[in-house]
Amino acid sequence: MPESHDFFVAADPESVRTRVRGTLAREGYTVEDGEQGALRATRGSMGLTLLIGGMANDRTFHTRLDVQIMVTPDGRTVARLLRGAGKSALKGGALGIARGNRAFEQAANAIHSDLAHAGVLTDSVPG
């Protein structure tokens, strides 16, 4: 499972940030501003996840994702989706790992779909 996913976008960084923020919010994440224009998205309850681990459902299992918005030297905007700091295995063993993988994949698919539907996605590369 990739640890990151890069979305190359033909739009300015601020509009990409706004679009990605909205996409993650529709996926049930609370999205906060991070350092240097990044986004930090969390979903679920850490307390409940630590209590019942992998038995938590997709929306209550604690998940954190980070998004960095960058501009390449050739002027393209890149939104990089990263797995968050919380380790899924520590929060639910094999079931936790599966839930963390699924959450990352669902978020990547939602961002891809939204950017493609808007006609601004030029490339999408898992990393």
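As the structure is a computational prediction, the values presented were derived from the model and not from experiment.
- No path of Ile, Leu, Val, Met, Phe, Trp and Tyr side chains, each step under 4.5 Å between heavy atoms, connects V78 with L115, placing them in separate hydrophobic clusters.
- The side-chain hydrogen bond (donor to acceptor under 3.5 Å, both in side chains) test applied to S15 returns D12, not counting sequence neighbours.
- One N or O on the side chain of R17 and one on the backbone of G37 form a donor-acceptor pair closer than 3.5 Å.
- To the nearest 0.5 Å, atom CG of residue L24 and atom CD1 of residue I111 are 4.5 Å apart.
- When all heavy atoms of L65 and A103 are compared, the pair lying nearest together is CD1-O, 4.5 Å.
- Placement of F8 and M70 within a single hydrophobic cluster is found when ILVMFWY residues are connected by side-chain heavy-atom separations under 4.5 Å, directly or transitively.
- Counting only residues at least two apart or on different chains, the side-chain hydrogen bond (donor to acceptor under 3.5 Å, both in side chains) pairs with a member in residues 114-127 are H5-S124, R19-D114, T23-D114.
- In this structure, the side-chain hydrogen bond (donor to acceptor under 3.5 Å, both in side chains) partners of D33, at least two apart in sequence or on a different chain, are R21.
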### Query
So L121 and H112, side chain to side chain contact (heavy atoms under 4.5 Å, CB included) or not? Walk me through it.
CA-CA 7 Å; L121 182 67; H112 184 279; 3.3 Å; yes
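- Smallest separation of non-hydrogen atoms from V71 and P13: CG2-CG, 3.5 Å.
- Of all heavy-atom pairs between T63 and Y29, the closest is CG2-OH, 3.6 Å.
- A distance of 10.5 Å separates OG1 of T30 from CZ of R43, quoted to the nearest 0.5 Å.
- A side chain to side chain contact (heavy atoms under 4.5 Å, CB included) with T77 is found for exactly one of V120, T72, V16, namely V16.
- Summarising the geometry, atom CG belonging to D6 is positioned 4.0 Å from atom CZ belonging to R80; distances are rounded to the nearest 0.5 Å.
- With hydrogens and angles ignored, the 3.5 Å screen pairs no side-chain donor or acceptor of R40 with any backbone N or O of V67.
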### Task
Begin with the C-alpha distance, continue with both residues' side-chain angles, and end with the deciding distance and a verdict on side chain to side chain contact (heavy atoms under 4.5 Å, CB included) for L82 and E3.
CA-CA 6 Å; L82 299 160; E3 293 296 313; over 6 Å; no
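- When every heavy atom of A25 is checked against every heavy atom of V31, the shortest pair comes out as N-CG2, 4.1 Å.
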